[in-house]
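Here the structure comes first, spelled out in structure tokens, and everything after it is commentary.
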Amino acid sequence: MAVISLEQRRLRDRELDQPSRSYAPWMHIDVLLVLAAAGLTAIGVAAIYSTTRGRDPLEFDAYFMERQTLFVVAGGLFMVFAAWFPYQELSRLAVAIYGAGILTLIVVLSPVGAEVNGARSWFRFGDFQLQPSEFQKIAVILAVAAFLSRYEDHMTVPRVFFAIGIVAWPGLLVMLQPDVGTALIYVFIGFVLLLIGGIRFRQVVGIALIATTVVVLMINSNMLQEYQTNRLRSFVDPSSDITEAAFQQRQAQIAIGNGGVQGRGYGEGTQTLSGLVPQQHTDFIFTVIGEEFGFVGSATTLGLYALLLMRILQAARLAKDRFGALICSGVFGMILFQMFEAVGMTLGITPITGIPLPLVSYGGSSAIATFIGLGLVLNVRMRRFT
């Protein structure tokens, strides 16, 4: 569990001594976290518009930008609700939320689910699509946090394996879609929560060996589709010309390199205008930022992520209970892994997995799930005195 420093304890005691009106949770909202999230969404909407508006200046298409704006507004409302609802109550509801999420992951594998880009991961409602695996990230965080919060400093081997099982079931269902990227996010969330939950070093080694074995077996099985194995092959051999993934990664790196220090200017990226980077408004959105805003824009974006992650960590340290600290830690792991992987695959330092850049890439399910996670972090921080 996170250790609270003497200075933080004094601050808490001083605020507790204030009149009862200071207990209003909304008075303790983390403004910096909200501003960092708002800055990232603004960058995302601008980048999405740049890459999807079309090449003819007289026929600009704002379809994707308008939809992403709608997703951001919806996500903001969900964030407010997640911050308003007392998070302690979620400890009792975690099993039900997790079970409902597992049910949706099973149903989406049936003919009811829609197949997009080779993965049956979506429900389609008219012009909108819903990806249940995105929301299951939050369910996994709540379920593992609720379980680990009961056993402070008493993480026996059976309890460790039970926590792993909570992560493994949705991970396996997502692999059947197949969606390797989201499954990896589940794994990283579980690993972070177990570390914070007090797992011993020898247990960490054991989990690492098991995870490595599972990955090797998965790669050598028929679970992965051809395009997914090609992604791994292109990462191992970037000079390969036989796969679409190799082409994607090369074009992404060219776009990043084109930006230089200050970028080519908004809407002036040659790779972006020519449409040479596939899936640029989703998985490769960072290439738009790198090409049009250069190193300055890229560093600004990463700086906002750093600020966001630091505020989440501070919320974990200030949490008044173990459950709240674990929720914040899970959200931290979720955003950190997605950010590192989404940026890394555009630079060629990680394999292509199709993971969106949180709050920046186009997509409603990802944006709303991320906002819910941030709402829970605000919730924990705001209620640290009540």
Side-chain angles (χ1 to χ4, degrees), residues 1-4 25 78-79 81-106 132-174 182-183 185-200 203-204 207 312-313 315-337 368-384 386:
M1 184 177 178
V3 178
I4 300 178
F78 276 99
M79 181 176 70
F81 177 78
W84 167 79
F85 189 85
Y87 76 89
Q88 295 93 340
E89 298 296 323
L90 294 174
S91 180
R92 296 187 298 105
L93 299 174
V95 174
I97 295 172
Y98 177 83
I102 291 292
L103 181 61
T104 61
L105 291 180
I106 294 174
S133 59
E134 288 288 341
F135 300 98
Q136 187 64 15
K137 299 173 190 175
I138 305 299
V140 167
I141 291 172
L142 293 176
V144 177
F147 176 75
L148 295 181
S149 62
R150 302 175 188 173
Y151 306 107
E152 185 172 356
D153 299 327
H154 296 288
M155 288 304 297
T156 61
V157 173
R159 289 170 181 167
V160 171
F161 275 100
F162 190 89
I164 292 175
I166 295 175
V167 178
W169 280 114
L172 290 174
L173 289 172
V174 168
T182 303
I185 297 173
Y186 292 164
V187 171
F188 191 79
I189 289 173
F191 184 71
V192 170
L193 288 174
L194 283 171
L195 283 179
I196 302 300
I199 190 174
R200 297 179 177 87
Q203 294 171 334
V204 173
I207 292 174
I312 295 174
L313 278 182
R317 290 196 298 268
L318 295 177
K320 71 174 185 177
D321 55 32
R322 183 175 171 83
F323 181 56
L326 288 169
I327 288 176
C328 294
S329 300
V331 175
F332 174 85
M334 178 183 75
I335 294 178
L336 174 65
F337 183 82
I368 293 174
T370 304
F371 274 117
I372 292 174
L374 293 177
L376 292 175
V377 173
L378 291 173
N379 194 331
V380 172
R381 185 184 178 92
M382 291 190 305
R383 286 178 168 79
R384 66 191 188 276
T386 57

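Here, residue 1 is the first one in the sequence, and each next residue gets the next number.
Qualifying side-chain hydrogen bond (donor to acceptor under 3.5 Å, both in side chains) partners for Tyr87, counting only residues two or more places apart in sequence or in other chains: Asp321. Residues passing the ring pair (Phe, Tyr, Trp, His ring centres under 6.0 Å) test with Phe85, sequence neighbours excluded: none. Applying the side chain to side chain contact (heavy atoms under 4.5 Å, CB included) test to Val167 and every residue at least two apart in sequence or in another chain returns Val140, Val144, Tyr186. For Pro86, the side chain to side chain contact (heavy atoms under 4.5 Å, CB included) partners two or more places apart in sequence, or in a different chain, are Gln88, Glu89, Arg383. In this structure Ser133 satisfies the side-chain hydrogen bond (donor to acceptor under 3.5 Å, both in side chains) test together with Gln131, sequence neighbours excluded. Every residue two or more places apart in sequence or in another chain was checked for a side-chain hydrogen bond (donor to acceptor under 3.5 Å, both in side chains) with Ser329, and none qualifies. For Leu195, the side chain to side chain contact (heavy atoms under 4.5 Å, CB included) partners are Phe191, Ile199, Val204, not counting sequence neighbours. Applying the side chain to side chain contact (heavy atoms under 4.5 Å, CB included) test to Val157 and every residue at least two apart in sequence or in another chain returns Phe161, Gln203. Not counting sequence neighbours, the partners of Phe162 by the ring pair (Phe, Tyr, Trp, His ring centres under 6.0 Å) test are Phe147.
Pairs engaging residues 369-381 under the salt bridge (charged side-chain N to carboxylate O under 4.0 Å, His left out) rule: Asp30-Arg381 [sequence neighbours left out]. Residue pairs meeting the salt bridge (charged side-chain N to carboxylate O under 4.0 Å, His left out) criterion with at least one member in residues 136-147, sequence neighbours excluded, are Glu134-Lys137.
When the options Val160, Ile166, Leu194 are evaluated for a side chain to side chain contact (heavy atoms under 4.5 Å, CB included) with Leu148, the one that passes is Leu194.
With hydrogens and angles disregarded, no donor-acceptor distance shorter than 3.5 Å links the side chain of Tyr151 to the backbone of Gly197.
Heavy atoms of other residues, nucleotides or ligands lying less than 6.0 angstrom from CZ of Phe78 number 12 at most.
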